[in-house]
Amino acid sequence: MENENKVSYAEVVVDVPATPTDRPFDYRIPTTLQDAVQVGSRVQVPFGSQRRIGYVTRIKSNCDFSRVRSIIQVMDVMPPLTEELVELGDWIADEYMCHRISALQAMVPAVLRGKYQKLVSLTENAQAADFSASPSLYTRLKKSSLDWEEVCKLPDVRLSWLREWVQQGKIQIEMKIHDRVTEKKVRYVSAIEPSQLLQIISTLPERNKKQRQILQFFIDKPEPIPLKQLLIEVNTTRSTITKCVEENWLFWEERQENRNPYANVEILQTKPLLLTKEQQLVYSQIERNLFTPHSETILLHGVTGSGKTELYLQAIAKVLDKQQEAIVLVPEISLTPQMVERFKGRFGDQVAVLHSGLSHGEKYDEWRKIREGHCSVAIGARSAIFAPFTRLGLIIIDEEHESSYKQEDHPKYHARAVAQWRAKHHGATLLLGSATPAMESYYQAENGEYRLLELSERVQGRPFPAIELVDMRNELRQGNRSMFSKSLQRELQRCIERGEQAVLFLNRRGFSTFVMCRACGETIDCPHCEITLTYHRTNDTLRCHYCGYATQLPSTCPKCESPHIRHFGTGTQRVEEELLRHFPQWRIIRMDVDTTTRKGSHQKLLGAFGRHEADILLGTQMIAKGLDFPLVTLVGVITADTMLHLPDFRSAERTFQLLTQVSGRAGRHQQPGKVVIQSYSLDHYSIRRVADQNWSEFYKEEYDTRKKLLYPPFCGLVQLLFTHPDQIKLLQITGQIAGELRSALGQQIQILGPVPAMIPRIKDRYRIQILLKFPEEVELIGQIKKKLREIQERSNDKHLRIIIDRDGHFHIPEKLYI
DNA sequence: GAAGCTCACGTT
DNA sequence: ACGTGAGCTTCC
């Protein structure tokens with residue numbers, strides 16, 4: 001090769017999310033790693049006095065830096081990131097103002113995010129006498145090496161002493177990079193030549209029956225077999241096999257195996273269904289789009305039950321025909337096993353499934369199938385948008401209005417925006433599907449930015465369910481103080497008497513299991529985060545939802561010392577209790593955070609309900625999505641209003657979407673469905689329109705409201721969140737920033753705040769927010785970002801963190817609600 | 001993010 | 001003169 005002795009260099013973005021390190025560093029690529037290092041590779045590099053993980057973002061043949069060091073190691077056989085994803089990382093970092101490394105980390109499976117461990121150990125020339133000042137350290141290190149953190153915690157240890165001992169060569173400090181990548185190993189058993197086995201059998205005494213049987217097994221089938229399977233087939237125990245291994249007749253063999261979470265699930269192959277006339281019309285439009293070289297976004301607005309999924313499946317089949325790949329995003333996929341089954345049923349092993357119910361290892365294996373080109377369809381929740389495909393032809397976002405497509409923590413990307421970028425990059429089609437599109441999506445469609453396709457008929461002419469609104473104020477007036485209206489009770493009874501099933505839906509606000517003193521009303525908050533602690537029944541502890549702080553449940557109130565301190569059970573629990581009081585004979589399955597934390601418990605509970613092992617499924621938001629059970633003919637909503645009054649400009653839209661979705665769960669098959677919605681706000685258009693099942697009327701009313709109050713899509717809305725460990729300093733800085741923004745951009749931008757963020761402190765960092773509202777036609781984001789970068793640089797306060805939230809999916813504090 | 005440096009302050 | 005902790009720079 002010509003460039004054999006030519007040195008090349010790599011630009012590496014190092015795993016340190018801080019402003020001064022938010023740029024590539026140059027490293028020499030050792031000749032031995034020449035082939036292995038590529039753009040997107042995950043590498044280990046020396047960084048100062050430490051070792052760190054980083055990603056290669058560029059490869060070049062020269063380097064200006066005089067003291068370059070070399071890459072130590074490449075960590076994966078295949079680079080985890082493609083060149084496209086590295087480029088996408090730049091876009092995300094810029095768009096959401098985050099460090100480049102954070103953007104890159106967001107795109108890879110969790111196991112690839114390295115864990116660092118600092119280990120302290122004694123060297124050979126360490127003597128007990130050297131540690132006369134800290135005998136405890138010596139005795140403990142004598143036994144084994146210790147974690148740095150633990151060493152620092154020892155009472156008789158000083159940092160400076162440690163430093164000195166390192167210099168004297170008495171102790172050593174190692175940085176271990178734990179690669180959390182684990183590949184599942186399966187133990188196989190193999191055997192020596194059959195002819196030799198035959199010989200051995202002939203020498204074995206008659207009474208070694210099992211051993212003879214095992215050897216005979218390998219004579220018949222000489223190929224290696226998983227140990228587990230062998231034990232079953234010859235009906236023996238592990239120790240008998242071990243014996244044979246010790247005799248050198250058989251051998252252990254470790255084989256790497258992909259975990260397959262769906263290995264034990266039998267999935268029936270399905271054939272494309274015949275499309276209705278309306279579906280056919282829509283499909284031909286989508287298909288035409290798949291063959292245009294440039295990217296286009298399609299908004300598919302189809303009523304519940306109009307057969308959107310079948311269209312997705314057929315569009316994907318077309319894409320696969322063209323040797324291209326497809327991503328399907330669904331909200332919270334673990335909750336919709338039926339959906340996965342449909343995809344697996346149509347495309348079999350070509351489908352990789354990435355959902356939150358999988359372990360980190362399982363997720364990694366699914367992801368690798370994509371990276372290594374063994375799969376062409378990825379189906380998953382939000383983060384599946386980063387599936388490392390190289391020939392993307394189609395991206396589908398089902399239920400595109402769902403808020404779960406917005407990443408809650410930094411970088412706060414919206415999967416829809418990322419999808420748009422990727423679709424454009426590949427010239428692929430982006431298909432957004434929903435029965436209740438997001439306001440901004442529909443607005444884009446009306447403006448001709450998206451192509452709008454509509455499905456207004458249900459397949460097989462199934463009727464829409466009948467929706468009954470119940471005014472709960474009336475119930476109270478009539479002396480019914482239960483949480484079940486007369487009407488809902490009656491419907492439940494009828495439904496169950498008919499041998500059908502019901503779903504009860506409790507729309508709950510916030511975190512429900514908290515502790516309160518009944519005497520003085522005191523609640524117990526996290527000392528670092530100013531958020532109410534959540535009660536955990538399992539070990540009687542209180543935990544912080546944000547930082548993990550845990551404490552024992554006190555027996556008396558810390559404020560007034562009253563013993564009447566109680567935790568308030570989850571809403572669903574109370575509903576269940578009341579139901580059982582009225583109707584003790586009903587079988588109820590309750591689904592909420594308490595009953596579904598264990599892996600696979602979702603499927604278990606849903607499975608049981610599907611087999612009609614219960615009459616009623618009772619749950620929160622989580623049961624709203626994608627359930628499809630033929631026997632369900634009744635859906636009840638206990639209180640429709642809880643969501644309506646959240647301080648969020650989207651609350652009306654969210655309520656409508658949620659209620660529509662829940663209603664869609666009733667009567668999807670032969671029996672007609674019935675929906676009972678209980679509410680205290682019957683006059684609100686969002687609840688009215690659900691009952692009418694009139695989306696376009698809702699859209700009009702919401703459109704007018706947004707326009708009048710100036711909210712998206714009629715304005716740009718950006719939330720700036722500033723965090724700092726020092727409250728006073730943060731107040732000063734944010735005040736200054738607001739002033740500066742006002743004088744620089746105040747003409748065009750409305751600046752609201754600064755005010756304390758919804759959670760004013762998390763992990764000992766105070767949080768203040770400023771909201772920016774501006775006319776949508778002006779592209780001001782660029783100017784805002786420029787100004788912020790300027791401020792951050794000038795303030796020179798490395799404790800100050802600025803987080804920008806661009807897609808308007810955040811709560812607006814009541815103070816700012818206009 | 002964290003090691004390693006400088007610098008100011010306090011101790012012997 | 002030296003130990004100690006706090007702030008600041010640097011990392012290729």
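In what follows, chains carry the letters A, B, and so on, assigned in the order in which the sequence lines appear, proteins first and then strands, with residues in each chain numbered from 1.
C:dC11 atom P lies 8 Å from atom CZ of A:Phe25, rounded to whole Å. Atom C1' of nucleotide C:dC12 and atom CZ of A:Arg100 are separated by 15 Å, given to the nearest angstrom. Atom-to-atom, CD1 of A:Ile53 to C1' of C:dC12 comes out at 18 Å; the value is rounded to the nearest Å. Separating the CZ atom of A:Phe47 from the P atom of B:dG4 is a distance of 14 Å, rounded to the nearest angstrom. Atom CH2 in A:Trp148 sits about 17 Å away from atom P in B:dG1, given to the nearest Å. Between A:Tyr116 atom OH and B:dA3 atom C1' there is a gap of 15 Å when expressed in whole angstrom units. Straight-line distance from the CD1 atom of A:Ile29 to the C1' atom of C:dC12: 13 Å, rounded to whole Å. Atom C1' of nucleotide C:dC8 and atom NE2 of A:His799 are separated by 11 Å, given to the nearest angstrom.
The nucleotide whose nearest atom lies closest to any side-chain atom of A:Gln50 is, among B:dG4, C:dC12, B:dA2, B:dA2. Of all nucleotides listed (B:dA2, B:dG1, C:dC12), B:dA2 comes nearest to the side chain of A:Lys798. Side-chain proximity of A:Ala18 to B:dG1, C:dC12, B:dG4: nearest is B:dG1. When distances are taken from the side chain of A:Arg52 to each of B:dA2, B:dG4, C:dC12, the shortest belongs to B:dA2.
Stacking between A:Phe65 and C:dC12 is shown: the ring centroid lies under 5.5 Å from the centre of the six-membered base ring, and the planes differ by under 30°.
Using a 4.0 Å heavy-atom cutoff across all strands shown, A:Ser49 reaches sugar-phosphate atoms only and no base atom. Using a 4.0 Å heavy-atom cutoff across all strands shown, A:Arg23 reaches at least one base atom of the nucleic acid. Among the heavy atoms of the strands lying under 4.0 Å from A:Val68 are primed sugar atoms or P, OP1, OP2 only; no base atom is included. Note on A:Pro46: only backbone sugar-phosphate atoms sit closer than 4.0 angstrom, heavy atoms only; bases stay farther off.
Side-chain N/O atoms of A:Arg69 include one lying less than 4.0 angstrom from OP1 or OP2 on C:dC12.
When only modelled atom types and interatomic distance are considered, A:Asp15 and A:Tyr116 share a side-chain donor-acceptor pair under 3.5 Å. No side-chain donor-acceptor contact under 3.5 Å links A:His355 and A:Glu366. Side-chain atoms of A:Gln34 and A:Ser8 form a donor-acceptor pair, as typed in the model, at a separation below 3.5 Å. Side chains of A:Gln407 and A:Arg382: a donor-acceptor N/O pair is present below 3.5 angstrom, by distance only.
Proximity of A:Tyr9 to A:Tyr27: side-chain heavy atoms (C-beta onward) are nowhere separated by under 4.5 Å.
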